[in-house]
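Lettering follows sequence order; numbering is per chain, from 1. Predicted model, so just to flag it, every value in this text is computed and none were measured.
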Number of protein chains: 2
Amino acid sequence: MEGRSAVSPQPDGQVASPRRAPSQQRSRERVERMLAAASVLIAEQGSDAMRMGEVAERAGVSIGSLYQFFPDKRAIVWALAERHTTESQACIAAALKDVGDAEGLRQAFSELVDIYYRLFLAEPVMRDIWSGTQADKALRELELADSRANAGFLIAVLRRLRPDADPVALETTAFLVWQMGEAAMRLAISVDREEGDRLVAAYKRMALRELLAE
Amino acid sequence: MEGRSAVSPQPDGQVASPRRAPSQQRSRERVERMLAAASVLIAEQGSDAMRMGEVAERAGVSIGSLYQFFPDKRAIVWALAERHTTESQACIAAALKDVGDAEGLRQAFSELVDIYYRLFLAEPVMRDIWSGTQADKALRELELADSRANAGFLIAVLRRLRPDADPVALETTAFLVWQMGEAAMRLAISVDREEGDRLVAAYKRMALRELLAE
DNA sequence: TGCAAATGTGAGGATTACTCATGTTTGTAA
DNA sequence: TTACAAACATGAGTAATCCTCACATTTGCA
């Protein structure tokens with residue numbers, strides 16, 4: 001009924017480095033246990049609801065030890081995220097390494113998407129961390145409903161334009177096109193204006209190609 | 001140096017309704033002031049860093065009055081978000097209302113994207129609320145860097161396949177295609193499995209069409 | 001005018017991130 | 001082996017914040 005917890009009231013945005021790097025075998029193992037505990041708790045409850053005391057308890061260490069290696073709560077989440085990106089980048093690089101022609105790209109990319117999809121499905125931690133408006137399920141649902149409503153307007157147009165097309169396919173396309181637009185926007189406003197404009201223009205081209213395709 | 005604040009440790013995900021709807025003129029005006037104050041503070045510091053005491057102070061009401069109309073912190077953010085989606089949906093519906101043919105769609109959609117883009121640029125509150133991994137700037141930057149790295153692998157392949165193409169355009173395309181993929185994944189895992197699979201398949205088709213275009 | 005319902009208040013309860021003084025273990029050099 | 005500094009471990013305590021609640025005031029209306 002209350003709610004404190006969280007992440008950081010300072011507007012810093014920096015990730016403090018581990019207060020101390022574990023140099024002995026013993027502490028390295030303990031840090032692993034802390035990360036594993038955090039991973040489980042994030043999967044169960046989300047990173048926001050994860051409590052530091054619980055992480056410590058589950059890892060079998062004291063709260064003080066936790067803070068010996070992680071300067072704050074965000075640092076734990078960050079460490080898990082960084083580990084994940086490192087792994088996934090290696091996987092992607094490998095998949096695209098030997099692509100030589102268009103057909104090769106088609107195959108490699110298709111496999112890559114499948115792998116990535118399975119990875120997303122299997123990693124609750126990443127689901128939590130990367131999910132937009134992550135901390136708040138209600139907001140996420142509002143966002144999804146909003147997207148569906150907006151895609152709905154597009155779908156109505158498409159149905160008028162192509163009454164014989166498969167309605168489900170139309171819906172999927174419109175929904176995806178719209179979602180991608182929101183992704184492009186979010187991205188565009190977080191890079192510099194010039195790149196943002198380019199991205200939006202590229203999105204327009206891409207979206208229209210798909211919307212008007214056959 | 002500390003950090004409490006936040007949003008909600010309960011795994012509920014429900015948005016409690018206003019504890020009480022403002023029925024008198026006086027209270028309706030005060031609720032408006034509360035929302036306006038919250039809007040400013042979110043724009044300045046982000047929704048996570050926004051403190052309820054500060055909202056109350058800025059609105060010129062007591063903390064108790066705030067909780068009279070908003071059951072918790074998230075409810076304020078939610079109210080602002082809902083207001084925004086209502087407005088933007090009306091705007092989108094209007095833009096697409098009279099589309100009659102493909103050329104009309106092309107024009108209306110193009111204008112719509114521009115409007116939406118400007119809206120995103122102008123609304124810091126929505127930027128904060130909709131931005132993925134919103135609460136944590138460091139995570140958002142890690143995510144962006146990860147995306148750039150992954151797009152980099154794609155770019156390398158595209159350069160090999162089409163050495164004469166404009167490098168900047170290639171980069172933009174690859175970056176966008178990759179970002180859209182991540183958006184599709186995030187979306188796919190938050191809907192049911194069947195729809196998720198459809199979305200991923202549609203994304204593959206779309207991405208390949210764009211990557212292999214020309 | 002009287003009264004119930006709506007509204008307003010802010011000190012204080014409860015929870016939680018994080019600190020720090022203190023104790024323990026480890027590696028290492030004499 | 002022993003001494004000792006550095007690394008590691010601990011958990012009660014501090015500070016910050018969300019939210020409650022008992023009580024005061026204002027409003028609409030019969």
Side-chain angles (χ1 to χ4, degrees), chain A residues 1-12 15-16 18-34 37-38 41-42 45-78 135-136, chain B residues 1-12 15-16 18-34 37-38 41 45-57 59-78 135-136:
Chain A
M1 255 94 246
E2 341 65 28
R4 267 10 44 77
S5 99
V7 124
S8 159
Q10 307 113 290
D12 51 11
V15 172
R19 190 152 312 191
R20 151 177 280 152
S23 71
Q24 303 177 357
Q25 180 67 19
R26 172 180 52 144
S27 54
R28 249 171 289 149
E29 284 168 4
R30 295 178 112 236
V31 166
E32 276 312 307
R33 285 217 307 279
M34 296 173 201
L41 290 172
I42 290 173
Q45 331 172 343
S47 58
D48 192 64
M50 174 185 86
R51 279 171 293 118
M52 294 300 267
E54 213 177 338
V55 174
E57 192 187 12
R58 199 171 189 121
V61 304
S62 71
I63 186 75
S65 290
L66 201 53
Y67 281 94
Q68 192 111 122
F69 299 99
F70 299 98
D72 57 28
K73 190 172 171 175
R74 302 180 316 159
I76 295 188
V77 178
W78 205 87
D136 198 320
Chain B
M1 259 95 249
E2 343 64 29
R4 268 9 47 75
S5 98
V7 126
S8 159
Q10 306 111 290
D12 51 11
V15 171
R19 188 153 315 191
R20 151 175 280 155
S23 71
Q24 304 178 357
Q25 181 66 20
R26 172 179 52 143
S27 55
R28 248 171 289 147
E29 283 168 5
R30 296 178 111 237
V31 166
E32 276 312 308
R33 286 217 306 280
M34 296 172 201
L41 289 173
Q45 330 171 344
S47 59
D48 193 64
M50 174 185 85
R51 279 171 292 115
M52 294 300 267
E54 212 177 340
V55 174
E57 193 186 14
V61 303
S62 71
I63 185 76
S65 290
L66 202 52
Y67 281 94
Q68 192 108 95
F69 299 98
F70 299 99
D72 57 28
K73 187 173 172 175
R74 302 179 317 159
I76 295 188
V77 177
W78 204 87
D136 198 321

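For the pair A:Arg30 and D:dA9, the criterion of a side-chain N or O lying under 4.0 Å from OP1 or OP2 is met. Contact check, B:Ser23 against C:dT7: a side-chain N or O comes under 4.0 Å of OP1 or OP2. Distances shorter than 4.0 Å separate none of the side-chain N or O atoms of B:Ser65 from OP1 or OP2 on C:dT7.
Separation of atoms CD (B:Gln25) and CZ (B:Arg28) is listed at 5.0 Å; rounding is to 0.5 Å. We find the CG-CZ distance between A:Leu41 and A:Arg58 to be 5.0 Å, quoted to the nearest 0.5 Å. Here the straight-line distance linking atom CZ of A:Arg30 with atom CG of A:Leu66 works out to 10.0 Å at 0.5 Å rounding. Here B:Arg74 contributes atom CZ and B:Ser47 contributes atom OG; the two are 11.5 Å apart, rounded to the nearest 0.5 Å.
Between the CZ atom of A:Arg51 and the P atom of D:dT17 there is a distance of 20 Å, given to the nearest Å. Atom-to-atom, CD of A:Gln24 to C1' of D:dC8 comes out at 6 Å; the value is rounded to the nearest Å. Put simply, CE on A:Met52 is 7 Å from P on C:dA17, counting in whole angstrom units. Taking atom CZ on B:Phe69 and atom P on D:dC19, their separation rounds to 17 Å, with Å as the unit. For the pair B:Leu66 CG and C:dT7 P, the interatomic distance rounds to 15 Å; values are reported in whole Å. Atom CD1 of B:Ile76 and atom C1' of D:dC18 are 12 Å apart (whole Å). One atom, CG of A:Asp48, and another, C1' of C:dA17, lie 12 Å apart when rounded to the nearest Å. We find that CG of A:Asp72 is positioned 9 Å from C1' of C:dA17, with the value rounded to whole Å.
A residue-by-residue look at A:Tyr67 and B:Ser62 shows that B:Ser62 has its nearest nucleotide of DNA chain C further toward the 5' end. Residue order along DNA chain D, read from the 5' end via each residue's closest nucleotide, puts B:Ile63 first among B:Ile63 and B:Arg26.
Proximity of A:Met52 to A:Ile76: side-chain heavy atoms (C-beta onward) are separated by under 4.5 Å at one or more points.
Looking at the side chain of B:Gln68, the nearest of the listed nucleotides D:dA9, C:dT7, C:dC18 is C:dT7.
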